[in-house]
Amino acid sequence: MANQEDDDPLYEKVWFKRRYQRVMDTFILLLLLLLLSYRLFSHNNFTIPWIVAFICESWFTFTWIIILSTKWTPALTITHPDRLLQRVPELPQIDLFVATADPVLEPPIITANTVLSLLALDYPTNKLACYVSDDGCSPLTFYALLEASKFAKFWVPFCKKYKIQLRAPFGYFSSVATTNSEHSPEFKQEWSRMKDMYDNLSRKIQDVTRKQIPLQLDDGEFTVFSNTERRNHPTIIKVISENKDGVSDGLPHLIYVSREKKPHQTHNYKAGAMNVLTRVSGLMTNAPFMLNVDCDMFVNNPKIVLHALSILMDSQKGEEVAFIQCFQQFYDGIKNDPFGNQWVAAFEVFFSNLNEALSFLFSRTNAFHRRNVIYGLYPEEIEIGRKDHALDWKTNFHNGSSPSDCIEAAIKVAGCEYECGTWWGEKIGWVYGSIVEDVPTGLSIHRRGWRSECCTPDPIAFTGCAPRGLLSTMVQQKRWATGLTEVFFGKHSPIMGMIFGKIQFRAGLSYSWLANWGLRSVFEVCYALLPPYCIITDTSIFPKGPGLWIPIALFVIYSVHTLLEYLKIGLSIRYWWNNQRMTIITTTTAWFIGFLSAMLKLAGISDNVFEITEKELSSSDADGNDGDAGRFTFDESPVFVVGTTILLVQLGAMLIRFLRLEPSHSENGCGIGEFISSTYVVVCYFPVQELPPVDLLVTTADPVLESPIITVNTVLSLLALDYPANKLACYVSDDGCSPVTFYALVEASKFAKFWVPFCKKHSLQVRAPFRYFSDVTINNNQHSLQFKQEWLRVKEMYDNLSQKIEEVIHKTIPLQLDGEFAVFSDTEQRNHPSIVKVILENKEGRFDGLSHLIYVSREKRPQYHHNYKAGAMNVLTRVSGLMSNAPFMLNVDCDMVVNNPKIVLHALCIFMDSQKGKDVAFVQCFQQFYDGIKDDPFGNQWVAAFEYIIRGMAGLQGPFYGGTNTFHRRNTIYGLYPHEIETGIKGKLEEDILIQQFGSSKEFINSAAHVLGGSAYSANEITPSNFIEAATQVANCEYECDTFWGKKLGWLYGSISEDVPTGLNIQRKGWRSECCTPDPIAFKGCAPRGLLSTVIQQKRWGSGLTVVFFGKHSPLVCMLFGKVQFRAGLSYFWLTNWGLRAAFLVSYVALIAYCMIANTSIFPQGLVLWIAISVFVIYNIHTLLEYLTIGLSIRHWWNNQRMCVMRTTSAWFIGFLSAMLKLSRISDTLFEITEKEHSASGADGNNADAGRFTFDESPVFVVGTTILLVHLTAMLIMFLRLQPNPFGNGCGVGEFICSTYLVLCYWPYLKGLFSRGKYGIPLSTIFMSSVFALVFVHFCRSNII
């Protein structure tokens, strides 16, 4: 049994027979051959375009044959590292190579993370040595490695103790939180300590990189850098860390290498650097195996060395394997790969097929090499017996010698002139002659007869940093095409390897496919230009009649076949299209320029320049939230000239065709085939931008006044928005800390799994279920039977949901406070800890799933001020910033349901407009109401005000922020100015400054820095449940202490009308706002349905606006010291002086009564009286016509005029007095919640109280009743002629008309004087008002002038 185990292979290869793919690939080949045959045997189409098309299609057919050959027999390599550990008594040494070249394009913090992940490999540390090649000779890189080596003393043991998988610290801390209950207290403590240490390391490196802390080059280890230039310096080799004791649990060797460079010497790019590392490591450690990685390729599987050795040390098949290649995958790839540079499908469908007997190609990074192969050994020489040190892998040259003992010799072999007259770069080491050193090096190895293997463990071995912009992608693709073209036409050509070497035929074909990328671009460009040529000249390249179906069938079948390949490996349709599109763009632009560059070099006209691809350090979740993520950005590179030319040619040809300007031919004119081809190229050059994530913020505060069933309907309507579900996250703030609200949301989340698909399937407009089922019946014959059945099923489910919630509200069924509800057991409405619950989580990131749904109840304690709704909004902003950090936010009140499911798209059309959208801070949607009572008896529907006033403000600097139905830019809420988007915010992203502004949470500081820096990680990849602990922290009472929250950031404090000062603070920075009024209207809410609710709301507004008017956020201050425009400031004056206006109107009303009692006058006598009468009449006619113009009734107009007088002289006046008391610090204002009622749409006349005035003992009614009694008394005194004799002009008709008008406005109060119950004014109010009225009459009588 033991012998059988010894005979088991260390790795196995499994072949797959993909019959379907073979059939489809073969069928595509037959169609290509059929098209070529048609061209050959066509009797009348041998024109120049026809011949060019034939040549191009012949090349495409040849390319497809190569692809077909490569894909024919895919294989998977399975390794058994457990067998390796049992069989090998002592593991061999491994040298680890890391290459970096530019500290700007490749930041030192990235290199440091790569090195730390390598030092923490699951392998005996005395068997590892890490060499870092710095081709930029940067003291910053050396400093970063020096500091990283200190951190490694703690990081490596931590990783191995807790078996951490992801061993690059920035990636680990970005994706892992300690909120999991299975984590022990010891782990949490160590995790926090390591996180603090890494943050400190990162900050130190960033400070030095940004030159905020100067690096001293005149002392210590850094002296050697004092007189160096990037391309002119001596060799620098530093042993940073040395495992002198050879302990297996210590730290590996860490050596810094910067090879000598002189201006007159050719340095051969990365190949030269790798050869220097090979020689230096050969002196210092001389390990038989080497791993080379780029500076951004982090270890994702810490056992990868064991997996690779399982192949290299297999006794049966491993001896002929020269190198092991691991796939390149990326941790920060943008969702759906908009730039086609993540290569997921290419590695899975194409490159993995090279893992058959063909051998896998060397792709410059993530590769394990035999040192003796790099030194030029042939496979048969192992058997012959070359036993000289490194050429025999079993022998180690140094046997425990110290790397520091070999520095002098290492400096010599890293010198410029060392390679002169040697075989380095020709027959030994990495091969020179191309800026893509990997392909000729791999070809050189394979032509000697060696094989290679692909290693794909689970989890994947390495993850790297993908180019995150179009320019970086084009630079990379151009470099590849240039280098590959040099290889194709050079002495290391795959054809030469097949003819004069030992490269197998099919392996040579695969290399030919790779090496002819540049040549392929020539045929692609020619073929792309043929259709517009044919359109312009009215000729054709495609067959007519039935023959046209050959290219159409070829195009359709190829597209469907590749789409199915993408879907099979779990990629989206959008991903497939992006890759198809970018294949066309990169081939006809970057590859074509690369081909021309290579031709110029081969012709001896010019030389190539090695352009480094920029690496960016982003969190493991970073993708779509970056302002430029997925967007195409351009510069003056020649690459874009080619693409723009092709696009303009296509558009010009299509315009000529549309205007019929092409010459006419009787035969063989341009047909539909050419037009379709040209259109396809234009579509490929028309990139579609990825939609950004949006966070949805809902606020509720009282489960009695704001029934949970109303909140549930609002949330359900938001979850059903016509927007990708993986781009949305809904946060509900419950300031009442009610288990009933939480219960309602939990039950609603279950119903949402049926409601959301139902809405989207049938394209419903109204997506709040109670509104939809109130408005829609299924008796209409146009509804199908299937729809009726679904409608009834969903309605029954909603009725059941509504019943369950109502039963809990009315306590018919008691709510058990256990399980998820246990946190509510010891809570009070104004005294409880923070509660954050993830109710729904779209973990798979499905666009057709359900959005995240998070319940938030911030901490409240009696000794803290909670700043009303503004405080709740700031907590939601911070919590959402941690969990999803979307660049845009929508905030709605709990009763504002979605009426237009496409409203997010409408708002983003404003934000993302390239010309005018950049300076828009927020987009305000009108408030309209679904349950407004007919003719608006309480004047609270604001139809005319929105139509005239708000639209008027929209024509200035934009409408004011209305507190709900508003889309915001997150960076604006974080205090950003418009100009800082363009110029940047350098200096503001320092950790100390961010802590002072945003608070002490490091997780939130990280997310805020991303937002302010122009990027943000996305909701697509983040798991909100990982951030519950951090979210709980930022929702605590004390978090905002001594920060900028409520002062300069977020929603501003100091007023119970938080919306107006917040909007003013934004616009004073220079931002604009816009009004969004799609058809149908975006949101509909619940209007106050009674007089009491109306006056409570109006009183709150009057009080809050008065505080703003007299405070530091006054419109006057914003105009004088900010950037609020003059007319916009005037409109804000109109808004904020509602309370002050009440003081003047009450005085004016009292003055009229005084004149009637005292028999004096304020209006002119005689003909001059017509001035006042004309003002009154013309104003009323004008406003009436405005109402009639927008379709409102005369009754609606009168109700609004009447209520304008009543609310100004009562609710606003009380609010004004309340604000004055607050400003005088005599008392504070109280935030009173407006009651929301759950009623069906259109319910007005059925309610007995609808439109009727009901009263209580509120002080608001005392003011109104007093005014009415005063005027009734004045009219009675005048009627009974009890006035004193006039002194001069006595009271006239003007005063009487005004008093009469006021009594008419207060007619509901007059009726209330004689009614009983809730329709009557309480006796206590009448008594109090009578006293005030008598005091006023006495005052008037005793102060007669």
*Asks:* Checking Thr587 side chain against Ile584 main chain: does a donor-acceptor pair fall under 3.5 Å?
*Replies:*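 Side chain of Thr587 to backbone of Ile584, a donor-acceptor pair under 3.5 Å: no, none is there.
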*Asks:* Would you say that Asn885 contacts Arg970 through its side chain, given a criterion of any heavy-atom pair below 4.5 Å between the two side chains?
*Replies:*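 Yes - at least one pair of side-chain heavy atoms lies under 4.5 Å apart.
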*Asks:* Check for me whether the distance between the ring centres of Tyr527 and Phe60 falls short of 6.0 Å.
*Replies:*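 When the ring centroids of Tyr527 and Phe60 are compared, they turn out to be within the sub-6.0 Å range.
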*Asks:* Dump the intermediate steps for side-chain contact (heavy atoms from CB on, under 4.5 Å) on Thr463 and Phe330, then the final yes or no.
*Replies:* CA-CA 5 Å; Thr463 58; Phe330 306 99; over 6 Å; no
*Asks:* For the backbone of Asn300 and the side chain of Gln165, can you confirm whether one donor and one acceptor N or O come within less than 3.5 Å of each other?
*Replies:*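 Side chain of Gln165 to backbone of Asn300, a donor-acceptor pair under 3.5 Å: yes, one is there.
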*Asks:* Any side-chain heavy-atom pair from Ile552 and Val556 closer than 4.5 angstrom?
*Replies:*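 Ile552 vs Val556: side chains touch.
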*Asks:* Any donor and acceptor pair, going by atom type alone, linking the side chain of Asp296 with main-chain N or O of Cys465 inside 3.5 Å?
*Replies:*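 A pair under 3.5 Å: yes.
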*Asks:* Salt bridge between Lys760 and Asp722, side-chain N to carboxylate O under 4.0 Å?
*Replies:*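 The answer is no: the pair does not qualify as a salt bridge.
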*Asks:* Is the backbone N or O of Asn899 less than 3.5 Å from a side-chain atom of Gln765, with the two atoms forming a donor-acceptor pair by type?
*Replies:*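 Yes: the side chain of Gln765 pairs with the backbone of Asn899.
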*Asks:* Between Gln342 and Tyr575, is there a side-chain heavy-atom distance shorter than 4.5 Å?
*Replies:*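 Side-chain contact under 4.5 Å: yes.
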*Asks:* Give a yes or no on whether the ring-centroid distance for His968 and Phe888 is below 6.0 angstrom.
*Replies:*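 Not close enough - the centres of the two rings lie 6.0 Å or further apart.
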*Asks:* How many angstroms lie between atom OG1 of Thr586 and atom CE of Met474, to the nearest 0.5 angstrom?
*Replies:*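 Reported to 0.5 Å precision, the distance equals 6.0 Å.
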*Asks:* Using residues 749-758 as the side-chain source, report each donor-acceptor pair under 3.5 Å to any protein atom, sequence neighbours left out, with the distance given to one decimal.
*Replies:*
from, atom 1, to, atom 2, distance (Å)
Ser749, OG, Val746, O, 2.5
Lys750, NZ, Glu747, OE2, 3.2
Trp755, NE1, Arg767, O, 3.0

*Asks:* Any chance you could measure Ser678, atom OG, to Ile535, atom CD1, to the nearest 0.5 Å?
*Replies:*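 So the OG of Ser678 and the CD1 of Ile535 are separated by 4.0 Å.
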*Asks:* Is there a side-chain contact between Glu565 and Val560 in this structure, where contact means two heavy atoms from C-beta onward sitting under 4.5 Å apart?
*Replies:*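 No, too far: nothing below the 4.5 Å cut-off.
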*Asks:* Show the nearest heavy-atom pair for residues Ile66 and Leu509, with the distance to one decimal.
*Replies:*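 It is CG2-O, 2.9 Å.
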*Asks:* Which value, rounded to the nearest 0.5 Å, describes the distance between Trp513 atom CH2 and Ser69 atom OG?
*Replies:*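 It comes to 13.0 Å.
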*Asks:* For the atom pair OG1 (Thr589) and CG (Leu470), what is the distance rounded to the nearest 0.5 Å?
*Replies:*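 Interatomic distance, Thr589 OG1 to Leu470 CG, rounded to 0.5 Å: 8.0 Å.
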*Asks:* Between Pro887 and Pro693, what is the shortest heavy-atom contact and its length?
*Replies:*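 For Pro887 and Pro693, the tightest heavy-atom pair comes out as CD-O, 3.4 Å.
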*Asks:* With a 4.5 Å heavy-atom cut-off, do Ile910 and Phe967 have their side chains touching?
*Replies:*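 When only atoms from C-beta onward are counted, Phe967 and Ile910 do not touch, as no gap falls below 4.5 Å.
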*Asks:* With no hydrogens and no angle check, is any side-chain donor or acceptor of Asp337 less than 3.5 Å from a backbone partner on Asn341?
*Replies:*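 Indeed, once roles are kept as given, a pair shorter than 3.5 Å links the two residues.
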*Asks:* Taking Arg969 for the side chain and Phe911 for the main chain, is one N or O donor matched with an acceptor at less than 3.5 Å?
*Replies:*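 Here the side-chain-to-backbone pair exists.
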*Asks:* Starting at OH of Tyr680, measure out to CZ of Arg581 and round the result to the nearest 0.5 Å.
*Replies:*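 So the OH of Tyr680 and the CZ of Arg581 are separated by 10.5 Å.
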*Asks:* To check you understand the geometry: which heavy-atom pair defines the closest contact between Ile541 and Ala53, and what is its length?
*Replies:*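 Looking at all heavy atoms of both residues, the closest pair is CB-CB, 4.3 Å.
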*Asks:* When you look at Phe327 and Phe462, which way does the ring pair (Phe, Tyr, Trp, His ring centres under 6.0 Å) test go after all the steps?
*Replies:* CA-CA 8 Å; Phe327 278 177; Phe462 301 93; over 10 Å; no
*Asks:* Apply side-chain contact (heavy atoms from CB on, under 4.5 Å) to residues Ser851 and Asn842 and explain how you reach the verdict.
*Replies:* CA-CA 6 Å; Ser851 309; Asn842 190 346; over 6 Å; no
*Asks:* If only atom types and distance count, is the side chain of Gln325 paired as donor or acceptor with the main-chain N or O of Thr365 below 3.5 Å?
*Replies:*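 Answer holds: yes.
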*Asks:* Report yes if some heavy atom in the side chain of Lys727 is under 4.5 Å from a heavy atom in the side chain of Val694; otherwise report no.
*Replies:*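 Of all side-chain heavy-atom pairs linking Val694 with Lys727, none is under 4.5 Å.
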*Asks:* Side-chain contact, heavy-atom cut-off 4.5 Å: Pro1024 with Glu841?
*Replies:*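 With C-beta onward as the side chain, the pair touches.
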*Asks:* Please evaluate residues Tyr731 and Ser884 with respect to the criterion side chain to side chain donor-acceptor pair (under 3.5 Å), reporting the C-alpha separation (whole Å), side-chain torsions for both, the decisive distance (0.1 Å), and the verdict.
*Replies:* CA-CA 10 Å; Tyr731 298 82; Ser884 49; 2.6 Å; yes
*Asks:* State, with a plain yes or no, whether a side-chain heavy atom of Cys1076 is found less than 4.5 Å away from one of Ile903.
*Replies:*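 They are in side-chain contact.
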*Asks:* Evaluate the criterion side-chain contact (heavy atoms from CB on, under 4.5 Å) for residue pair Val681 and Thr588; output intermediate values, then yes/no.
*Replies:* CA-CA 11 Å; Val681 174; Thr588 55; over 6 Å; no
*Asks:* Would you name the heavy atoms of Ala528 and Pro531 that are closest together and state the gap between them?
*Replies:*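 Scanning both residues completely, I find the closest heavy atoms to be O-CD, 3.5 Å.
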*Asks:* Quick one: does Ser717's side chain have a donor or acceptor within less than 3.5 Å of a partner on Val898's backbone?
*Replies:*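 Yes, Ser717 side chain to Val898 backbone: donor-acceptor pair under 3.5 Å.
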*Asks:* Answer yes or no: is there a donor N or O on one side and an acceptor on the other, between the side chain of Asp913 and the main chain of Cys909, under 3.5 Å?
*Replies:*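 Pair absent, no side-chain N/O of Asp913 close to backbone of Cys909.
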*Asks:* Quick check for you: to the nearest 0.5 Å, what is the distance between Ile550 atom CD1 and Leu31 atom CG?
*Replies:*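 So the gap between those two atoms works out to 8.0 Å.
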*Asks:* Here's a test for you: under side chain to side chain contact (heavy atoms under 4.5 Å, CB included), which of Val715, Ile854, Leu850 qualifies with Leu840?
*Replies:*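 Result: among Val715, Ile854, Leu850, Leu850 is the only option passing the side chain to side chain contact (heavy atoms under 4.5 Å, CB included) with Leu840.
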*Asks:* Salt bridge check, Glu674 against Arg657: does any charged N sit closer than 4.0 Å to a carboxylate O?
*Replies:*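 Salt bridge flag = no for Glu674 with Arg657.
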*Asks:* Looking only at heavy atoms, which two atoms of Ala748 and Leu716 are closest? And how far apart?
*Replies:*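 That closest heavy-atom pairing would be O-CD2, 3.6 Å.
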*Asks:* Could you please spell out the steps behind the side-chain contact (heavy atoms from CB on, under 4.5 Å) verdict for Trp591 and Leu484?
*Replies:* CA-CA 10 Å; Trp591 289 5; Leu484 292 170; over 6 Å; no
*Asks:* How far apart are the closest heavy atoms of Val904 and Leu721, and which atoms are they?
*Replies:*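 That closest heavy-atom pairing would be CG2-CD1, 3.8 Å.
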*Asks:* Using the side chain to side chain contact (heavy atoms under 4.5 Å, CB included) criterion, which residues pair with Ile28? Sequence neighbours excluded.
*Replies:*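 Once residues adjacent in sequence are excluded, the partners of Ile28 under the side chain to side chain contact (heavy atoms under 4.5 Å, CB included) criterion are Leu32, Trp64, Leu554, Ile557, Tyr558, His561.
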*Asks:* Please check: side-chain N/O of Ser521 versus main-chain N/O of Gly518, any donor-acceptor pairing under 3.5 Å?
*Replies:*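 Answer holds: yes.
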